[in-house]
Amino acid sequence: MGNLIDIKDVSHTFATDGGPLHVLDHLNISVPEGGFCAVVGPSGCGKSTLTRLIAGLMIPDEGEVWLHGERVKSPRSTVGMAFQNPVLLEWRSILKNVMLPLEIVPTKLTRKQQVERAEFLLALVGLEGFEDKKPSELSGGMRQRASLCRSLVHSPEVLILDEPFGALDAFTREDLWQTMHKVKAEEPFTGVLITHDLRESLFLGDQVVVMSGRPAHAQYVMDIPFDGPRVLDDLYTPESAERLAILRHQIEIAQGRATAEDAA
Amino acid sequence: MKLQKVIVPLIAMVVFLIFWELLVWVNGWPNYKMASPSDLWPAYTRYAELFIIYGWQTLWRTVVGLLLAIVVGTFIGMVMGFSRVMRDALYPLLVGFNAVPKATVVPIVALMFVGAHDFNTVLIAFMISFFPIAVSVSIGLSTLEPEYRDILRSLGASNMTIFWKIALPKTLPEFFGALKVAVTLAFIGTNLMEIVSPHGRGLGALFDSGKTNSDYPLMFAVLIALAVLGIVLYYIVVALERIFAGWAERNPT
Ligand SMILES: Nc1ncnc2c1ncn2[C@@H]1O[C@H](COP(=O)(O)OP(=O)(O)OP(=O)(O)O)[C@@H](O)[C@H]1O
Ligand SMILES: [Mg+2]
């Protein structure tokens, strides 16, 4: 199969203090190599759980997760992750933070090449000249850029982003969307992006998956034709407005605030 | 700037001594009520050798007790920080142990290990000071945001790697905060034991002999010597904190 990420019929239930919590229910998602899949869904529906399953941080009760033709049973070094919280290590410089994965993952790069690789990524996201700064000296947006570099430094096949821009203000967020396109043009990866922002999912994804409420399955999948780098103005075309309306309606269904019949 | 940091506290100290001297002189207090700084110097010169020998005893026993507390406290903290079950099991025990006033434990230990001066003093210094260290390490570890763990775990890092690269350095600021408390506590523990223990050693014993001989200047001289030792120990910890956890300091901007 040509898919790099295959989530096949995955169900998962957490044991909590209040009894079993059925989170995922026969979830199916496929992302082709080089694809970028944006996942939206109601709060608490299991999006972060999905990222942890793909990363191999946990194993689903039922169903299978496949990466590059191999079944995921444990974490693997071909994955890069970034979260809403940039989780930079405050005692390290930005450069050393970005290089952290190279200390864990086996790499063929020499020390000098590792530094060059980190510097290249930092320059790509617009953090040239901040290599020796400490995270506390950077703004929220800059920290998130550094976190993005760290998730890419070991050239992962799969990039998993869990609401990476969720805590940023609207302008910084739009800047980072454009940075993401720039990064994507330079660095080959297959991505999964969890987001709460429908415009973000349209701007960055070439496929948008709407997850249903808990227990969640893939309620709706929208393919977005991708032709070259996008600009922010594309979000204000009639096509985009129409797609946004459809997604918004799907979210309302997922939240249980609307039914499919309301669409008309 | 650096000079100011040394000179200002020195001036403050001199002013304090002058004030003390004046207070005693103006009120015409006799020696047995309140010794004055001018009485201290003769006391130091007369007992110079004792001060050095006993001061060293107090110092090394405090430091050994503290080192033990660091090793054991860190270990207990790690166990409680990494395992929910162990935390639930050990926490009430620790709190109960800590709640017992150490002044009541001192005579018991002194009797249990009578004559074993070094051992019982180190033991008390350790017992009194390991608690804040254990608690700070366990809190530091258990409040580590899960994302920090996931960043390394998703790359296949072992628990040991996660501990060395993230959990330990991230806990250092809390650890040093606790160490500053612990160093003072250990010092108190050492002195309690030295005073209570019959025929004890260390500055505490010197204080006790001053008491039995009604040598008030000696007692005050011991107090000042203890204060100096306490300050030295405290600032050694502060210096170590600067070196190992200086990154956590907020720059005043
Ligand atoms: N390890 C766990 N043990 C028990 N329950 C869990 C665990 N992880 C997540 N949950 C619960 O599972 C549900 C889904 O969690 P998850 O974090 O995947 O949701 P989410 O879609 O990412 O939410 P959000 O939009 O708030 O980020 C939540 O109700 C959460 O409380
Ligand atoms: Mg989440």
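Order of the sequence lines sets the chain letters (A, B, ...), proteins ahead of strands, with each chain counted from 1. Please read all numbers here as calculations on a predicted model, not as lab measurements.
Contacts of residues 59-97 of chain B with chain A at a heavy-atom distance below 4.5 Å are absent; not one residue qualifies. Residues of residues 166-173 of chain B that come within less than 4.5 angstrom of chain A, heavy atom to heavy atom, are B:Ile166, B:Pro169, B:Lys170 in numerical order. Contacts from residues 138-160 of chain B to chain A, taken as heavy-atom pairs separated by less than 4.5 Å, involve B:Glu145, B:Glu147, B:Tyr148, B:Asp150, B:Ile151, B:Leu152, B:Arg153, B:Ser154, B:Leu155, B:Gly156, B:Ala157 in sequence order.
Between B:Phe130 and B:Phe126, the ring planes lie parallel to each other; the angle is under 30°, not in the 30° to 60° tilted range.
Contacts between A:Ser77 and chain B at a heavy-atom distance below 4.5 Å involve backbone atoms as well as side-chain atoms. For chain B, the nearby part of A:Leu100 is the side chain; its heavy atoms alone come within less than 4.5 Å. Using a 4.5 Å cut-off between heavy atoms, A:Leu57 touches chain B through backbone and side chain atoms alike.
A 4.5 Å side-chain heavy-atom check between B:Thr161 and A:Glu103 finds every atom pair outside the cut-off. Side-chain contact between A:Met99 and A:Glu119: absent, with no pair of heavy atoms (C-beta onward) separated by less than 4.5 Å. You'll find the side chain of A:Glu137 stays beyond 4.5 Å of the side chain of A:Met142, heavy atoms only.
Under the 3.5 Å distance criterion, with hydrogens and angles disregarded, a donor-acceptor pair is assigned to the side chains of A:Glu200 and A:Thr195. Side-chain contact check for A:Asp175 and A:Thr172: no donor-acceptor pair (N or O, by modelled atom type) lies under 3.5 Å.
Stacking of A:Lys8 on the aromatic ring of A:Trp66 is recorded, both the 6.0 Å distance cut-off and the 45° axial limit being met.
Under the side chain to side chain donor-acceptor pair (under 3.5 Å) criterion, A:Asn97 pairs with no residue, sequence neighbours left out.
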- Message: Walk me through whether A:Arg117 and A:Glu187 qualify under salt bridge (Lys or Arg N to Asp or Glu O under 4.0 Å).
- Response: CA-CA 12 Å; A:Arg117 165 96 183 131; A:Glu187 291 279 317; 2.8 Å; yes
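Each of A:Leu88, A:Thr78, A:Val79 has some count of heavy-atom pairs under 4.5 Å with chain B, and the biggest count is that of A:Leu88.
Among B:Val14, B:Val8, B:Val15, the one residue that satisfies the side chain to side chain contact (heavy atoms under 4.5 Å, CB included) test with B:Ile11 is B:Val15.
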